[in-house]
There are 2 protein chains.
Amino acid sequence: MSAETREKLLQGALRTLTEQGIAKTSARSVAAAAGVNQALVFYHFGSVDDLLSEACRYGTEQRVARHRDALAAISTLGELLEFGRRMHEEERAAGSVAVLGQLLAGAQTQPRLAEATAAGLSLWVAEVEKVLVRVLGASPLGGFVDAVGLARAVASSFVGLELYEGVDPQGAERALDALEGLGELVAVVEGLGVVGQRAVRHRLRTVRRL
Amino acid sequence: MSAETREKLLQGALRTLTEQGIAKTSARSVAAAAGVNQALVFYHFGSVDDLLSEACRYGTEQRVARHRDALAAISTLGELLEFGRRMHEEERAAGSVAVLGQLLAGAQTQPRLAEATAAGLSLWVAEVEKVLVRVLGASPLGGFVDAVGLARAVASSFVGLELYEGVDPQGAERALDALEGLGELVAVVEGLGVVGQRAVRHRLRTVRRL
DNA sequence: GTCTATACATGGATAGAC
DNA sequence: GTCTATCCATGTATAGAC
């Protein structure tokens, strides 16, 4: 069956990317992981890069869809921070961030992969952005923090942290804790009350003018 | 000359990693970039991975040394933010972050590379950490932000941002701007004055107890 | 649609001449 | 120390049998 084999290859590609890395992801290794013949990669996708591009879209859509409802229910920065860490742990286990890391590395020198990887990342970014716009929009900080940019920073930083975790797990753990602390700090400023907020705003304006 | 060829190979490895990526970095491609014979990779370094490991140490040490004095002169968060962006731009141009990104991707599945990459990253982390300890230690925030963890988060996030930049330059630009804004926010809280700081501290303690 | 066979290129690694 | 030659494994891609 055509559709079944296609799917096997897509999942095989994702598995190979996480388990062997972009450098050892080939038509042969993917086909082996998928349990199908190597020639089918070219029959169904034309080239290895095209397969990886489709696998990126396929995999990312599945993972993002998993969290869409939960993300839509978040309304405060505190909730967002807690959910973010849980989601990160879940995606790390599923290998979806690892896939993006490997594809991003490969995409630096291959325009075709770059396009697909950007599209995949943008699925995550769009979700994070929606939540941030909502959470920050309802907050006094909204005017000073760019949710659009922050969503992109968060998504790419998570990929960086995931890659770092692969070479220094304890360091990465500590990094995540520190970021959580920083997030709490922002959440706290958000809850300072009118007087404190006015002071923060005034100083921010002063600083920005320099 | 032995030493000269070794150096050519090390620089060739760095160039190949940035220009072709980890997936296309081979003894042959590196040797071509270095302008020497392919067999010399194995004579001087034993294997391609060993060459890449040494290149990581070699390259990172050089780049970090470049900024050591400037980093030592930084004493405020504002200075640190400004310097950070300038340094990021310089390192991006030099390709040193790209090298770390490619090596991190390869390191996920190769213990030998992982060790070397962790060591290379730790050179950056150590410098960032020293500055953060100094800057945050002199600030009322010192007790609430973990400089050690934050240094690791900063270093790995920069790698993630660099990889993201390769597939979406505008998005990465906006992400960096947003992070800068967030940094300013923290700097502002730092300068709030005694009353504001006391309020922040009190609320932080309350939040952490939950 | 899938498999076998095959071509041709690239890559890791070594032996031996210089 | 460096180069040439070479071996063998792996990878991309296609043709043709089933």
Side-chain angles (χ1 to χ4, degrees), chain A residues 1-56 58 102-103 105-114 116, chain B residues 1-56 58 102-103 105-114 116:
Chain A
M1 236 175 289
S2 176
E4 196 184 321
T5 301
R6 273 185 65 94
E7 181 136 346
K8 273 189 203 164
L9 280 169
L10 291 169
Q11 285 176 341
L14 296 175
R15 247 192 73 197
T16 309
L17 280 171
T18 52
E19 293 177 4
Q20 316 220 109
I22 184 77
K24 293 194 178 164
T25 294
S26 65
R28 281 186 149 91
S29 60
V30 169
V36 304
N37 189 281
Q38 165 261 147
L40 293 175
V41 168
F42 304 97
Y43 175 77
H44 285 291
F45 298 94
S47 74
V48 175
D49 277 0
D50 287 330
L51 164 57
L52 297 186
S53 296
E54 285 218 37
C56 180
Y58 168 84
Q102 295 297 324
L103 287 174
Q108 303 297 309
T109 54
Q110 274 165 347
R112 192 163 238 146
L113 264 187
Chain B
M1 237 176 291
S2 175
E4 196 184 321
T5 300
R6 274 184 64 94
E7 180 136 348
K8 274 189 202 164
L9 280 169
L10 290 169
Q11 285 176 342
L14 296 175
R15 247 191 72 197
T16 309
L17 280 171
T18 52
E19 292 176 4
Q20 316 223 106
I22 184 77
K24 292 192 178 166
T25 294
S26 66
R28 285 185 147 93
S29 61
V30 169
V36 304
N37 189 280
Q38 167 258 148
L40 293 176
V41 167
F42 305 96
Y43 175 77
H44 284 290
F45 298 94
S47 73
V48 175
D49 277 359
D50 286 330
L51 164 57
L52 297 185
S53 296
E54 285 218 37
C56 179
Y58 169 84
Q102 295 297 325
L103 287 175
Q108 303 298 308
T109 54
Q110 274 166 348
R112 192 163 238 147
L113 264 187

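The sequence lines fix the lettering, A, B, ..., with proteins before strands; numbering per chain opens at 1. Small disclaimer: the values here were computed from a predicted structure and weren't measured.
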Sorted by number, the residues of residues 10-23 of chain B with heavy-atom contact under 4.0 Å to DNA chain D: none

Thr18(B): what forms a side chain to side chain donor-acceptor pair (under 3.5 Å) with it, not counting sequence neighbours? none

Could I get the full list of side-chain contact (heavy atoms from CB on, under 4.5 Å) partners for Ala105(A), not counting sequence neighbours? Gln102(B), Ala105(B)

Restricting to salt bridge (Lys or Arg N to Asp or Glu O under 4.0 Å), what partner residues turn up for Glu19(A), sequence neighbours left out? Arg15(A)

Return a single string for nucleotides 7-14 of chain C, one symbol per nucleotide in 5' to 3' order, where B is base contact, S is sugar-phosphate-only contact and - is none, cutoff 4.0 angstrom on heavy atoms. ----BBBB

If the condition is side chain to side chain donor-acceptor pair (under 3.5 Å), which residues does Thr5(B) pass it with, not counting sequence neighbours? none

Contacts of Ala114(B) that satisfy side-chain contact (heavy atoms from CB on, under 4.5 Å) - sequence neighbours left out: Val167(A), Ala107(B)

Pairs touching residues 33-45 of chain B that satisfy side-chain hydrogen bond (donor to acceptor under 3.5 Å, both in side chains), sequence neighbours left out: none

Heavy atoms of chain A, cut-off under 4.0 Å: which first and last nucleotide of DNA chain D, 5' to 3', fall inside that, if you could look? dG11(D) to dT14(D)

Which residues pass the salt bridge (Lys or Arg N to Asp or Glu O under 4.0 Å) test with Asp50(B), not counting sequence neighbours? Arg112(B)

Heavy atoms, side chains only, cut-off 4.5 Å: are Val30(B) and Val48(B) in contact? no

If the condition is salt bridge (Lys or Arg N to Asp or Glu O under 4.0 Å), which residues does Arg28(A) pass it with, not counting sequence neighbours? none

Just to verify, what does Thr109(B) make a side chain to side chain donor-acceptor pair (under 3.5 Å) with, not counting sequence neighbours? none

